[in-house]
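What follows is a single structure, written as structure tokens, with notes after it.
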Amino acid sequence: EYCFASDVDAVVGWGFDSIKLDHCGAEMNISLWRELFNKTAPKPVMIENCGNGPAPAGLSPAQCPFHMYRSSTDIAPCWGSILANLQSVPPLAAKGLSYPGCWAYPDMLEVMQTNKHGRPNMPLL
């Protein structure tokens, strides 16, 4: 918990309004992040959950441990990947797993990756 608390203190101290919590680190307890931000921050901090899975069904926005979460894998510089990522949201919404205050979103930006034609890939901008 010490690492969580010191990271929260740093984010709050720097005045950030939001944080993206990626699943590639050791500190993946999103509920603990939310609890510490709620205790420490003088203003709300938006929590983006990137790759730690959706919220359980039936939670209210006040109960959801994050404000938005990624619904897809990393995007690749091809139309199939773009379309697959876009199509990852409707099934979650249909199951009640994407709603105001706990939104699902697809990975949608791969900056400066090139496609087979050597052009930069900026798919959903």
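Everything quoted here is computed from the prediction, not taken from an experiment. Every heavy atom of this structure was used, including side-chain atoms; hydrogens, water molecules and symmetry mates were not.
- Legend: residues meeting side-chain contact (heavy atoms from CB on, under 4.5 Å) with S31, ordered by chain and number and at least two apart, are N29, P65.
- In terms of the side-chain contact (heavy atoms from CB on, under 4.5 Å) criterion, residue partners of V45 (sequence neighbours excluded) are, by chain and number, I19, F37, A41.
- The CG atom of D107 lies 7.5 Å from the OG1 atom of T73; values are rounded to the nearest 0.5 Å.
- Remark: side-chain polar atoms of S81 are not paired, donor with acceptor, to backbone N or O of I75 under 3.5 angstrom.
- In terms of heavy-atom proximity, I82 sits nearest to A76 at CG1-O, 4.4 Å.
- Put simply, CG on L86 and OG on S72 are 8.5 Å apart, with the number rounded to the nearest 0.5 Å.
- Note that the CZ atom of F4 and the CG atom of L21 stand 9.0 Å from one another [nearest 0.5 Å].
- Here CG of N49 is found 12.0 Å from CH2 of W33. Values are rounded to the nearest 0.5 Å.
- Checked against side chain to side chain donor-acceptor pair (under 3.5 Å), S88 has the following partners two or more places apart in sequence or in another chain: S71.
- The two residues K20 and C50 come nearest to each other via the heavy atoms CE-SG, 3.4 Å.
- Nearest heavy atom pair, residue F66 against residue C102, reads CE1-SG, 3.8 Å.
- Cluster annotation: V89 is not connected to L92 through the hydrophobic network of ILVMFWY side chains, with a link wherever side-chain heavy atoms come within less than 4.5 Å.
- For S18, the side-chain contact (heavy atoms from CB on, under 4.5 Å) partners two or more places apart in sequence, or in a different chain, are M46.
- Residues meeting the side chain to side chain donor-acceptor pair (under 3.5 Å) test with S98, sequence neighbours left out: none.
- Among residue pairs with one or both ends in residues 41-51, those qualifying as salt bridge (charged side-chain N to carboxylate O under 4.0 Å, His left out) are D17-K43; sequence neighbours excluded.
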